[in-house]
Chemist: 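Before I ask anything, let me first share the structure, which is written out below as structure tokens.
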There are 2 protein chains.
Amino acid sequence: MKRTTIVDVGRLAGVSAKTVSRVLNGEPHVSADVQQRVRAAADTLDYHPNVFAQALVRRKSNMIGLVYENPSPSYVVELQRGVLERLTNERYRLVVIPIRSVQENASEVVGLLRSAALDGVVLAPPASDHPLILKQLHEARIFCARIAPTRMIDAAPSNLVDDVAAAREIAAYVIGLGHRDIAIIRGDATHPSSEARMLGYTQAFHQAGLELKFDRIEPGLFTFDSGLAAARHILARPDRPTAILSQNDDMAVGAMMAAREFGLSIPGDLSVVGFDDSEVSRITWPRLTTVRQPVFEMAVAATEMVIAQLEDRAPIARILHPHTLMIRESAATPRA
Amino acid sequence: MKRTTIVDVGRLAGVSAKTVSRVLNGEPHVSADVQQRVRAAADTLDYHPNVFAQALVRRKSNMIGLVYENPSPSYVVELQRGVLERLTNERYRLVVIPIRSVQENASEVVGLLRSAALDGVVLAPPASDHPLILKQLHEARIFCARIAPTRMIDAAPSNLVDDVAAAREIAAYVIGLGHRDIAIIRGDATHPSSEARMLGYTQAFHQAGLELKFDRIEPGLFTFDSGLAAARHILARPDRPTAILSQNDDMAVGAMMAAREFGLSIPGDLSVVGFDDSEVSRITWPRLTTVRQPVFEMAVAATEMVIAQLEDRAPIARILHPHTLMIRESAATPRA
DNA sequence: AGAGGGTATGACTGCGTTGACATAAGAAAG
DNA sequence: CTTTCTTATGTCAACGCAGTCATACCCTCT
């Protein structure tokens, strides 16, 4: 009825509990003979260490958190896949911490993290940009690594992408195709990358001598539905643009659907491009031209950063991850 | 430097540690005065209980696992959303346990679960159908609730869908549209629902007096890519069918893409239907006709089942969740 | 042979919390 | 006015493990 403990194993193997502990933790100074006996005993008793007792005495939980506010599902999926990838065959476990709005209750969030007793956390945007969270995490001695922060880059290990340049490049690409009247669907304005991408678009416009009109910018929330709604708004106007730049892929796919509703062919009547290169961008027809952010790789790297800190290895301060323009079929030269 | 403990709080409040514990756990027999003092002290010291010490003595971790083998991402996302939904404002945390192949290392999986010290787990298919896992989970006294099991229904709380009926209905719908030459893309054969859905299709065929030819059944793996490949194979033949039944939505979307590659219009030249009503089915063009499985709701219910067991409430043995034919635009009457 | 040093092992204690039990004081009952 | 019950609080041990220190032994070197 009772759990089998390290003491039971010791009794069966004829050694003290401490020796069992030594064997099981691979400490030196245990004779080969005893090692064998202990392992055999542990095996026959089907012994599993009590992780809480370990955590209590070692002051380490072997749990890592993934903190995200709910942007697009595809983004979160990639993120989580990356973290889990790095955690495979490690002793760390992943605890998922979805939060509502970092803005509103940052302090509460840290309370949550602390009471979860995590060793470290991977912070997705926009939590990765929040000063208070960073500060309190530090005070609570919880290691962290950040995904795509835009501010205070050196406050904690960071995985960066050049949102501005990426946005500039894809906008320049669309302009280069010959589009002159281009609308934009923004993401959630509370996400800092939204600002950065906006800036990149603007730069491309200016370099091409184009003007970015305010009434061509439609707000969105990084979700399919918000993209659909925004695009409907854009396309309902008599002077509709020939191209739409969407700040992420989910919204771009929404825009494609809106175009279909208006009987417009893509890319014939309307070019649409996204941002992220998430899963959905490859399964639509036509496939979505977008700019790839290596979310999966960033998540792997962020997890590595957390582990490195936990295991006292040389910390990695920051990595700049490359972006790639993914030219597919959803954007083309506008019809004359 | 040291963590603040319950003892520190007691000292500040002028009471014993035990009394602090009582207050913080809402036990009776504490005077209002003391309650206030203790709470104030805990507050000023920014005290947070050590969850490991609690877990150690209470023999309860407040962690719930979600065990899944990687079927389609959209399915997993829904599942996880559901679990998290139910866990909001609860003290339980979610630990994600992705596994490679339940078939190959079921025993290892349970070792994993046990060493994770979870209070309970939600088992997604195909793990939910594995006798050994169920047995060992029981032995390890880890509560569980199952999503869509097909066998040993009463061995543990189960959330059921009538896969057979659902598959029969959507097949009958397609047949009813006038299709006579229909191909099928199967899911991973190790998932029991694949078998069940196959059976449903077969029943519909027989009821309509149609024959289900083996060479019209193409194997898949529940992924977009496998659906794409399967459909390419199907459509490359000179005698191509007028409709495709796919055992899930991801593969159906793959089939839609294959159709486009062959220059076929949907539903004009080819009808495609899926299964699940996952996110993707609403964002494709045309939108995918499918049969809805309430995955989210099942996950919520399964989590509720786990919690009910943990908190000694009346256990819920099983729920049969309704399916719904979602008629959208990807299937239509075949061209004469 | 004795000193010094490494190796192999065990006894004891503490990690922070709660459960079981003890105690004290006041309230109710006889 | 004693007895019993209830309320309010404290003391102590235990949860299962690893860290610290002690001990016993076996080498090697002088």
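Chain identifiers are assigned alphabetically (A, B, ...) following the order of the sequence lines, protein sequences preceding nucleic acid strands; residue numbering begins at 1 within each chain. These numbers were taken from a predicted model, which means no experiment stands behind them. Any value given below was found using the heavy atoms of this structure, including those in side chains, with hydrogens, waters and symmetry copies removed.
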Chemist: Looking at Asp43(A) and Arg39(A), is there a salt bridge between them, counting it only when a charged N and a carboxylate O are closer than 4.0 Å?
Modeler: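 Salt bridge absent between Arg39(A) and Asp43(A).
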Chemist: Using whole Å, what does the distance between atom C1' of nucleotide dC5(D) and atom NE2 of His29(B) come to?
Modeler: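 Roughly 12 Å, once rounded to whole Å.
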Chemist: If you measure from the Lys or Arg side-chain nitrogens to the Asp or Glu carboxylate oxygens, is any gap between Arg81(B) and Glu85(B) under 4.0 Å?
Modeler: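 Salt bridge between Arg81(B) and Glu85(B), a charged N being under 4.0 Å from a carboxylate O: no.
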Chemist: Can you measure Arg58(B) atom CZ to dG16(C) atom C1' for me and round it to whole angstrom units?
Modeler: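 Taking CZ of Arg58(B) and C1' of dG16(C), I get 12 Å after rounding.
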Chemist: Contact class for Leu56(A) vs. all strands (heavy atom < 4.0 Å): base, sugar-phosphate, or nothing?
Modeler: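 Base contact - Leu56(A) has a heavy atom under 4.0 Å of at least one base atom.
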Chemist: For a quick test of reading the model, state the closest non-hydrogen atom pair linking Ser74(A) to Ser278(A) and the distance between them.
Modeler: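 Closest approach of Ser74(A) to Ser278(A), heavy atoms only: OG-OG, 3.6 Å.
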Chemist: Figure out the CZ/P separation between Arg11(A) and dT9(C), and round it to whole Å.
Modeler: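 These atoms are roughly 19 Å apart.
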Chemist: Collect all protein-nucleotide pairs involving nucleotides 25-29 of chain C in which both atoms are nitrogen or oxygen and the distance is under 3.5 Å.
Modeler:
none

Chemist: Can you check the Leu24(B) CG to dT17(C) P distance for me, whole Å?
Modeler: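 The distance from CG of Leu24(B) to P of dT17(C) comes to 9 Å, rounded to the nearest Å.
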Chemist: Just to verify, what does Val51(A) make a side-chain contact (heavy atoms from CB on, under 4.5 Å) with, not counting sequence neighbours?
Modeler: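 Here the qualifying residues are Gln54(A), Ala117(B).
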Chemist: Does a side-chain N or O of Thr5(A) approach OP1 or OP2 of dC15(D) to a distance below 4.0 Å, or not?
Modeler: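 Looking at the OP1 and OP2 atoms of dC15(D), neither is under 4.0 Å from any side-chain N or O of Thr5(A).
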Chemist: Look up atom CD1 in Ile147(A) and atom OG in Ser193(A), then write down how far apart they are to the nearest 0.5 Å.
Modeler: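 So the gap between those two atoms works out to 11.5 Å.
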Chemist: Under 3.5 Å, is there a donor-acceptor pair between the Arg146(A) and Ser158(A) side chains?
Modeler: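 Yes, side-chain donor-acceptor contact under 3.5 Å.
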Chemist: Can you sort out which residues in residues 34-54 of chain A have a heavy atom within less than 4.0 Å of DNA chain C? Ascending by number, please.
Modeler: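 Heavy-atom contacts with DNA chain C come from Val34(A).
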Chemist: Are the side chains of Val121(B) and Ile142(B) in contact, using a 4.5 Å heavy-atom criterion?
Modeler: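 Yes, at least one pair of side-chain atoms sits under 4.5 Å.
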Chemist: Count the heavy atoms belonging to other residues, nucleotides or ligands that lie under 6.0 Å from CD of Gln36(A), then report whether that count exceeds 12.
Modeler: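 No, not enclosed.
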Chemist: Please state whether the phosphate of dT18(C), meaning OP1 or OP2, lies under 4.0 angstrom from any side-chain nitrogen or oxygen of Ser21(B).
Modeler: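 True: Ser21(B) side-chain N/O within range (under 4.0 Å) of dT18(C) OP1/OP2.
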Chemist: Taking five pairs at each end of the helix from dA1(C)-dT30(D) to dG30(C)-dC1(D), what angle separates the two helix axes (nearest 10°)?
Modeler: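 Terminal axis comparison yields 40°.
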Chemist: Taking all heavy atoms of Asp119(B) and all of Ser61(B), pick out the closest pair and write down the distance.
Modeler: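 Asp119(B) and Ser61(B) have their closest heavy atoms at OD1-N, 2.9 Å.
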Chemist: Please report the distance, rounded to the nearest Å, between CD1 in Ile6(B) and C1' in dG10(D).
Modeler: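 It is 14 Å, rounded to the nearest whole Å.
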Chemist: Are Arg313(B) and Glu304(B) within salt-bridge range, i.e. N to O under 4.0 Å?
Modeler: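 Glu304(B) and Arg313(B): salt-bridged.
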Chemist: Just to confirm, is there a sub-4.0 Å distance from OP1 or OP2 of dG16(D) to any side-chain nitrogen or oxygen of Arg59(B)?
Modeler: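 Checking dG16(D) against Arg59(B), a side-chain N or O does come within under 4.0 Å of OP1 or OP2.
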Chemist: Between Asp8(B) (CG) and dT17(C) (C1'), how many Å, whole number?
Modeler: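 Nearest whole value for this atom pair: 13 Å.
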Chemist: Testing the 3.5 Å rule here: is there a donor-acceptor pair between the side chains of Asp33(B) and Ser31(B)?
Modeler: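 Absent: no donor and acceptor within the cut-off.
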Chemist: Quick one: list whatever passes side-chain contact (heavy atoms from CB on, under 4.5 Å) with Ala317(B), sequence neighbours left out.
Modeler: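 Counting only residues at least two positions away or on another chain, Ala317(B) forms no side-chain contact (heavy atoms from CB on, under 4.5 Å).
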Chemist: At their closest point, which heavy atom of Ala42(A) faces which heavy atom of Val9(A), and how far apart are they?
Modeler: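 Ala42(A) and Val9(A) have their closest heavy atoms at N-CG1, 3.7 Å.
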Chemist: Which heavy atom in Thr5(B) sits nearest to a heavy atom in Tyr47(B), and how many Å separate them?
Modeler: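 Scanning both residues, the minimum pair turns out to be C-CE1, 3.5 Å.
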Chemist: Please list each protein N or O that sits under 3.5 Å from an N or O in nucleotides 10-14 of chain C, with the distance.
Modeler:
| from | atom 1 | to | atom 2 | distance (Å) |
| --- | --- | --- | --- | --- |
| dG10(C) | OP1 | Ser16(A) | N | 3.3 |
| dG10(C) | OP2 | Ser16(A) | N | 2.9 |
| dG10(C) | OP2 | Ser16(A) | OG | 2.9 |
| dG10(C) | OP2 | Thr19(A) | OG1 | 2.4 |
| dG10(C) | N7 | Arg22(A) | NH2 | 2.7 |

